[in-house]
K.L.:
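Here you go, one structure.
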Amino acid sequence: MFAGAKVIILLGPPGSGKGTQAERLSSALGICAISTGEMLRREAQSGSALGKMVQDVLSSGQLVSDNLINRVVAHRLQQADCATGCILDGYPRTVAQAQFLDALLEKWNVPAPVVLNFEIPCEEVVSRLSRRRQCTECGRVYTVSTLSTETGILCDRDGSMLVQRADDHPSTIRERLRIYEKNAGQLINYYRSRDYHRVCATGAPSEIADGLMALLGSQWLPSLSPVVLAEPRA
Ligand code: AMP
């Protein structure tokens, strides 16, 4: 990663739309999007010894160890496509991971990250995740409007089958949310006094994307005026 690279961290519960916005920001800003969940799912599918261990953790809704994910991310950030920066979706998830990332960026003289915290009510997350389906081929994510249409849904992009992620079943969703809540407070406190922005994640994806672009534009192109993305907490 070059000194001067831009790093954007997307915080927020599973199902808050981080993946969708990471893809949009990636195309708009020309920096790569990295989903640690997606990297781990790929490892799990590979059938390697590590993949089998990872699969057990994924299907339980728990987190893989800080040590493992830190090593995976440190390796990923040294790939050529991260030279000008990256959007991190799903990392860091603990304060130990945030501290590890800060140390890495400091070592590489990369400026401190911009942190976007996606806020969404818990009931909305459960509803979204139980309706979420993913293409088995390209990984594109969809939300089905009614579960009765589940059979026969195919990907718009490549016609492959859409399936429900093993960890999007109700009992695992609740466990993932519990783990998220357990770590979120400390992680937000860690970043709150820095380049940290709250994002109201309940709107339409295109509206959220416009808001994010306006915010990032106002940071990186100071002539644009900033926008308020979420009401201040009472
Ligand atoms: P996601 O696709 O971001 O919801 O992640 C799916 C699963 O991957 C999580 O429930 C965790 O088991 C694992 N995972 C992803 N990112 C991390 C991380 N930064 N630290 C630990 N586990 C992770």
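Please read these numbers as outputs of a predicted model, since none were measured by experiment. Read the numbers this way: they start at 1 and go in the same order the structure lists the ligands and their atoms.
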K.L.:
Between ligand 1 and Asp89, is the shortest N or O to N or O distance under 3.5 Å?
P.N.:
no
K.L.:
What is the nearest protein non-hydrogen atom to atom 12 (O) of ligand 1, stated with its residue, atom name and distance?
P.N.:
Gln62 O, 2.5 Å
K.L.:
Please report the shortest heavy-atom distance between Val110 and Phe2, naming the atom on each side.
P.N.:
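Between these two residues, the closest heavy atoms are CG2-O, 3.4 Å.
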K.L.:
Is the shortest distance from a Lys or Arg side-chain nitrogen in Asp168 or Arg133 to a carboxylate oxygen in the other one below 4.0 Å?
P.N.:
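No, Asp168 and Arg133 are not salt-bridged.
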K.L.:
Can you find a heavy atom in the side chain of Arg41 that is under 4.5 Å from one in the side chain of Val54?
P.N.:
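When only atoms from C-beta onward are counted, Val54 and Arg41 do not touch, as no gap falls below 4.5 Å.
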K.L.:
Atoms of ligand 1 less than 4.0 Å from Arg165 heavy atoms?
P.N.:
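Listed by number with element, the hits are 1 (P), 2 (O), 4 (O), 6 (C).
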K.L.:
I need the atoms of ligand 1 closer than 4.0 Å to a non-hydrogen atom of Val64, numbered in the order shown.
P.N.:
21 (C), 22 (N)
K.L.:
Specify the protein heavy atom at minimum distance from atom 4 (O) of ligand 1: its residue, its atom name, and the distance to 0.1 Å.
P.N.:
Arg176 NH2, 3.1 Å
K.L.:
Starting from atom 23 (C) of ligand 1, what is the nearest protein heavy atom, named by residue and atom, and what distance separates them?
P.N.:
Leu40 CD1, 3.8 Å
K.L.:
Hey, are Arg178 and Glu181 close enough for a salt bridge, meaning a charged N less than 4.0 Å from a carboxylate O?
P.N.:
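So Arg178 does not pair with Glu181 through a salt bridge.
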K.L.:
Any N/O of Thr36 closer than 3.5 Å to an N/O of ligand 1?
P.N.:
yes
K.L.:
State whether the shortest distance between N or O atoms of Arg41 and N or O atoms of ligand 1 falls below 3.5 angstrom.
P.N.:
yes
K.L.:
For Pro14, is at least one N or O under 3.5 Å away from an N or O on ligand 1?
P.N.:
no
K.L.:
Go through the side-chain N and O atoms of Glu43 and Ser48 and say whether any donor and acceptor fall under 3.5 Å apart.
P.N.:
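Short answer, yes.
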K.L.:
For atom 7 (C) of ligand 1, what is the nearest protein heavy atom, given as residue, atom name and distance?
P.N.:
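Checked against all protein heavy atoms, atom 7 (C) of ligand 1 sits closest to Leu58 CD2, 3.5 Å.
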K.L.:
Judged by non-hydrogen atoms, does Met39 sit under 4.0 Å from ligand 1?
P.N.:
no
K.L.:
How far is atom 20 (N) of ligand 1 from the closest protein heavy atom, and which atom is that?
P.N.:
Gln97 NE2, 3.0 Å
K.L.:
Between Ser65 and Asn67, is any side-chain donor less than 3.5 angstrom from a side-chain acceptor?
P.N.:
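Their side chains do not contain a donor-acceptor pair, so the 3.5 Å distance test is not met.
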K.L.:
Do Leu212 and Phe118 touch side chain to side chain, with heavy atoms closer than 4.5 Å?
P.N.:
yes
K.L.:
At the 4.0 Å heavy-atom cut-off, does Lys18 count as touching ligand 1?
P.N.:
no
K.L.:
Measuring only between side-chain heavy atoms, which start at C-beta, is Val72 closer than 4.5 Å to Tyr91?
P.N.:
no
K.L.:
Ignoring angles and geometry beyond distance, decide whether Glu38 reaches within less than 3.5 Å of ligand 1 through its nitrogen or oxygen atoms.
P.N.:
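Not met; the criterion fails.
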K.L.:
Under the side chain to side chain contact (heavy atoms under 4.5 Å, CB included) criterion, do Leu187 and Gln97 qualify, and how do the steps go?
P.N.:
CA-CA 9 Å; Leu187 198 53; Gln97 294 177 18; over 6 Å; no
K.L.:
Should the heavy atoms of other residues, nucleotides or ligands under 6.0 Å from CD of Glu124 be counted, would the total exceed 12?
P.N.:
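Yes, enclosed.
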K.L.:
Does Ser35, backbone or side chain, put an N or O under 3.5 Å from an N or O of ligand 1?
P.N.:
no
K.L.:
Does the N or O separation between Gly90 and ligand 1 drop below 3.5 Å for any pair?
P.N.:
yes
K.L.:
May I ask you to decide whether Glu38 forms a salt bridge with Arg42, counting only side-chain N to carboxylate O separations under 4.0 Å?
P.N.:
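Looking at Glu38 and Arg42, the cut-off is not met.
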K.L.:
Considering heavy atoms of the protein only, find what lies nearest to atom 9 (C) of ligand 1 and give residue, atom and distance to 0.1 Å.
P.N.:
Arg93 NH2, 3.8 Å
